[in-house]
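What you see is a predicted model; the values in this text were computed from it and never measured. Here is the naming used below: chain letters follow the sequence lines, and residue numbers restart at 1 for every chain.
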Amino acid sequence: MSWRITRPRAKADIAVGALGSAGAVALVTAAVGLLDGWIPVLSLGALYVFAVLLASVMWGLAFALPVAVTSMLVFNWFFLPPTHTFHLKDGENWLVLMLYLVVAVVTSELAARARRRAREAEQREREAALLAEVAASLLTGRPVTDELDGIATRAAAVLGTPHAWITLEGEAEVGPDAEAFPLEAGGRTLGFISMPTPEPIDERVVQRFLPALSSLLAVALDRQQLEQDVLEAESLRRSDAVKTTVLRAVSHDLRSPLTAIAAAASGLHNPALDLSTEDRMDLVETILEESTRLERLVSDLLDISRLQAGAAMPVRELWSVDELVGSALDELDDAETTVSVPHDLPPVEVDAGQAQRILVNLLENAHRHAASAAGVTVIAAPIGSETVMISVHDDGPGIEPADTESVFEPFWRGATGAGRSGLGLAIARGFALANSGTLRVGKSNAGATLELTFPTGRSKPEDAAG
Amino acid sequence: MSSGLVLVVDDEPQILRALQTNLRGAGYEVITAATGESALVEAAMRPPDAVILDLVLPGKSGTDVCRELRAWSDVPVIVLSAVGDERAKVAALDAGADDYVTKPFGIDELLARLRAALRRTGQPLEPVVAVGDLRVDLEKRAVSVRGEAVQLTPHEYSMLALFARNVGKLLTHRAILREVWGPQYGSESHYLHVYVSQLRRKIEADPTRPRYLLTESGAGYRLVEPS
């Protein structure tokens with residue numbers, strides 16, 4: 001049996017207990033006084049058991065014992081002959097006093113035990129609730145490190161300390177007033193939970209609760225590690241695929257213009273060759289054309305590898321659609337395309353360079369497939385208030401329904417094998433997505449339509465208006 | 001007779017050689033430097049009429065050279081930039097470079113930029129600037145296109161006047177914002193583009209195919225004589 005009083009009582013608790021006990025004794029005394037004369041006074045003494053019971057259940061043995069002794073003395077003073085003395089005429093009265101004391105001790109121990117059980121049940125319930133909560137939060141897939149502070153705060157509540165902190169891997173953070181407990185699971189130390197020492201910590205709670213918490217953390221950490229491994233393997237696989245496509249392009253697409261340049265230049269360089277001025281100009285033109293092709297290919301490869309590595313990093317600003325379309329037409333020296341952009345179209349929020357790249361690639365693609373130079377149209381229109389659609393249409397043979405997605409694959413050349421590098425549409429879609437836009441093949445009765453959408457920008461600040 | 005002295009700064013010997021040959025062929029006298037430090041020394045010893053400056057140099061970068069050069073010289077500077085150097089290009093323009101050419105470039109393009117830059121220097125500013133059919137009267141603050149007066153808002157006019165005082169010169173977003181809206185602006189290129197397209201609707205026949213006010217993607221705008 002333990003009589004341990006775990007915490008020093010607060011002054012307020014003592015005052016309430018003392019006043020309550022005194023009140024209980026006074027009340028019973030008044031009741032006995034009222035009933036005196038009707039009922040034999042000695043049997044009325046049993047009423048004081050209520051006061052002792054009340055004190056022991058409410059405030060514990062520390063109050064029940066004084067109540068028992070006081071009750072005995074008061075009963076003796078007021079009601080037992082000779083009254084108004086503490087002298088006991090009858091030896092039986094000692095028996096009554098002893099009875100009060102035994103009742104006090106037994107009930108207060110029973111009450112204390114019930115209280116302890118209830119507290120322990122509550123404590124276990126808190127621990128179970130916390131573990132369930134921790135399990136749930138660790139299984140959401142968020143990084144464990146993001147959850148640690150929340151778990152530590154809740155663990156502190158369970159352990160009964162004002163705050164606690166968890167450190168994974170490495171040394172525990174222990175200040176002069178803190179104590180660290182290792183979090184161990186499966187024979188390895190995951191980290192430490194530390195808490196300030198002034199508060200006494202219940203060893204049993206620590207021994208019961210920490211292993212459960214550690215096991216949960218171990219599971220979550222292992223799961224996180226596995227996920228990371230899977231991601232790394234996936235990104236390695238993807239970068240491998242990029243390398244393969246780049247190598248394929250380099251071996252074929254870069255080599256042919258280089259071969260043409262080397263052949264033309266060495267021809268010009270060779271004094272033994274008898275070349276007319278016309279021949280020389282031809283060779284020079286070959287060099288110029290092929291170096292342009294090389295340059296386009298190199299920048300395409302750069303774009304596609306940036307996009308596949310997720311490194312497009314658009315700098316998005318407000319641009320009017322006519323300006324974006326205009327700069328693309330300007331780059332292509334394109335005077336044939338029919339353009340229809342309404343004047344009241346809201347500006348779009350995109351990276352101008354990337355938007356220009358998209359439009360140039362779409363226009364080039366359209367002109368390559370168009371039946372005539374004048375067969376390409378660009379139409380812009382709002383879709384709701386937050387999107388603008390720019391459709392690029394050509395009057396060529398159109399795109400097979402089966403190919404509406406594969407045209408956006410890098411190095412896809414289709415049945416005709418046409419195209420600059422097979423990267424144009426892949427780059428266009430990549431940049432569209434990087435700018436929160438979309439690019440897909442639209443429905444059209446004749447020819448092909450590619451539909452590009454861009455998000456509209458926030459409305460311009462009027463205070464800066466002219 | 002030489003058309004001028006050009007300082008070419010690039011750390012690639014092949015590019016230096018090609019540029020030197022072509023510029024000599026076009027009648028320029030050429031001095032070369034392979035680093036930013038030696039470029040500043042050369043420019044101080046024999047002030048050139050124009051500088052062609054690679055952005056990516058070992059040691060002192062092209063942008064640094066630009067900034068230090070501007071501390072004591074107004075010589076026109078044309079920077080050479082590659083795809084992917086956009087930020088450095090804009091930084092160099094903001095640091096005082098006059099124009100840029102993107103690598104790989106044709107020599108025709110470089111020579112045209114060089115001629116334009118040389119032409120602009122030492123030209124007195126006329127009170128009425130005429131570019132094609134566009135007339136900007138800087139004294140009366142009046143603008144007309146094909147003989148018809150155009151109504152502009154104060155900001156549109158300030159913007160057009162700035163372009164008119166710098167015909168042919170590339171103006172960066174930052175430079176335009178500071179000149180027109182004030183020194184506290186500089187990074188709000190957000191709505192600058194929208195105002196430029198409003199201005200275009202008033203002065204261009206077809207705003208999607210501008211002939212006067214051209215966009216230099218990612219860098220700024222330029223008012224040009226229509227071709």
Do you know the tightest heavy-atom contact between Arg87(B) and Val315(A)? NH2-CG2, 3.5 Å
Nearest non-hydrogen partners of Thr208(B) and Leu329(A), listed with the distance: O-CD1, 4.1 Å
Is the shortest side-chain heavy-atom distance between Arg209(B) and Asp334(A) below 4.5 Å? yes
Residue Tyr221(B) versus chain A: region with a heavy atom under 4.5 Å: side chain
Rounding to 0.5 Å, atoms OG1 (Thr215(B)) and CD (Glu331(A)) come to a distance of 12.0 Å
What's the spacing between Asp330(A) CG and Arg211(B) CZ if we round to 0.5 Å? 12.5 Å
A quick test of your reading: do over 12 heavy atoms of other residues, nucleotides or ligands sit less than 6.0 Å from CZ of Arg17(B)? no
Should we say atom CD of Glu336(A) is surrounded by more than 12 heavy atoms from elsewhere, each under 6.0 Å from it? yes
Under 4.5 Å to a heavy atom of chain B? For Gln356(A) that would be side chain
Against chain B, label Ser340(A) side chain, backbone, both or neither, depending on which of its atoms sit under 4.5 Å from a heavy atom there. neither
For the pair Asp322(A) and Arg200(B), find out whether any cationic side-chain nitrogen is under 4.0 Å from an anionic carboxylate oxygen. no
Test log, rule side chain to side chain donor-acceptor pair (under 3.5 Å), inputs His193(B) and Glu317(A): CA-CA 8 Å; His193(B) 314 311; Glu317(A) 295 177 345; 2.6 Å; yes
